[in-house]
Amino acid sequence: MGVLAAVALVAVAALAACESDSGTGGTASVRAVASLEIFADMVRNVGGERVSVKALLPSGADPHTYELPPNRVADIAKADVVFINGLGLEASIQDVIDSNADGGAIVLSEGLPVLRGDQTLAEDGETGGNPHMWLDARLGAKYVERIRDALIAQDPAGQAVYEANATAYLEQLGSVDREMEAAVQSIPPERRKLVTFHDAYPYLAARYGLEVVGVLVPSPGQEPSVQDVARLAETIRDEGVPAVYTEPEFNSDVLEAAADEAGARVLDLLSDAYADGVHSYVELMRYDLQQLQEGLGGS
Ligand SMILES: [Zn+2]
């Protein structure tokens with residue numbers, strides 16, 4: 001293609017983009033929404049300026065129990081493409097998404113190997129599998145590939161852009177994956193044990209070689225009983241767990257009490273939501289990496 005033809009094509013594409021987005025003032029070709037900020041960040045990395053994306057949940061919200069305000073419902077109805085995790089992560093907003101997403105939502109976890117909370121593989125079609133796949137950076141990369149393919153299907157004119165952006169971003173995720181692997185390898189094997197607030201880490205544990213030995217609650221919204229807390233304190237002591245992990249979006253008092261009783265340190269890990277100073281999926285993974293090294297590392 002000659003330079004002039006290319007310039008002409010770009011001009012036409014820009015014009016088309018303006019027309020399709022008239023009224024919003026933006027220049028994006030595709031309007032996307034994603035359930036979590038984490039997935040919106042992935043969409044932003046792949047879509048660049050061709051895609052405007054909004055997260056349905058605020059960055060510090062707990063997806064397991066969140067209820068959407070009405071203005072977010074309108075965002076779903078207006079979107080060209082809607083991305084959700086699936087596996088029940090968005091259970092509390094699933095009905096609203098189903099009834100407002102034109103053509104249904106793209107489910108990022110679809111077709112990927114599902115783990116139960118105990119890190120064993122779920123059977124095909126089994127319900128109740130653990131939703132937190134993105135905390136294994138290789139599975140996070142699968143989400144990104146699905147996002148790329150969905151954006152290309154929605155906006156074929158952007159294919160080259162989406163492919164180039166995705167390739168660069170996937171390289172970053174590959175680095176994060178190797179850094180996380182090396183970080184866990186540097187932890188003495190007998191200390192590679194996880195105790196966390198909710199059951200968010202079976203994929204991270206399975207991929208990088210940690211063992212989930214205890215969680216305070218399987219899923220947020222459940223109240224641990226006095227016996228649950230006592231049992232968890234016993235596990236922390238018996239397993240010699242050096243540190244337990246709270247999550248900033250949840251009240252950590254009970255977990256801290258259990259850790260205190262067992263003489264373990266308390267740090268925090270991120271899973272579904274961002275925290276201070278963490279505003280992207282890559283930053284979230286690096287934050288967790290640093291917390292794991294800090295809490296479980298031998299030195
Ligand atoms: Zn969760």
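One-based numbering, in listed order, for ligands and for the atoms of each.
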Chemist: Do you see a donor-acceptor pair shorter than 3.5 Å between the side chains of D272 and H198?
Modeler: yes

Chemist: Given NE2 of H64 on one side and NE2 of H198 on the other, what angle do they make at the Zn ion (ligand 1), to 10°?
Modeler: 110°

Chemist: With side chain to side chain donor-acceptor pair (under 3.5 Å) as the rule and sequence neighbours excluded, what pairs involving residues 95-108 come up?
Modeler: Q94-D98

Chemist: Quick one: which of Y203, F83, Y201, F39 gives a ring pair (Phe, Tyr, Trp, His ring centres under 6.0 Å) with W134?
Modeler: F39

Chemist: Would you list the atom pairs, donor with acceptor, under 3.5 Å between side chains in residues 230-238 and any protein atom, with sequence neighbours excluded?
Modeler:
unit_1, atom_1, unit_2, atom_2, d
R231, NH1, D228, OD1, 3.4
T235, OG1, R231, O, 3.0
R237, NH1, E261, O, 3.4

Chemist: Given the Zn ion (ligand 1) as the apex, I'd like the angle to OD2 of D272 and NE2 of H132, rounded to 10 degrees.
Modeler: 130°

Chemist: Is D199 close enough to the Zn ion (ligand 1) that one of its N, O or S atoms comes in under 2.8 Å?
Modeler: no

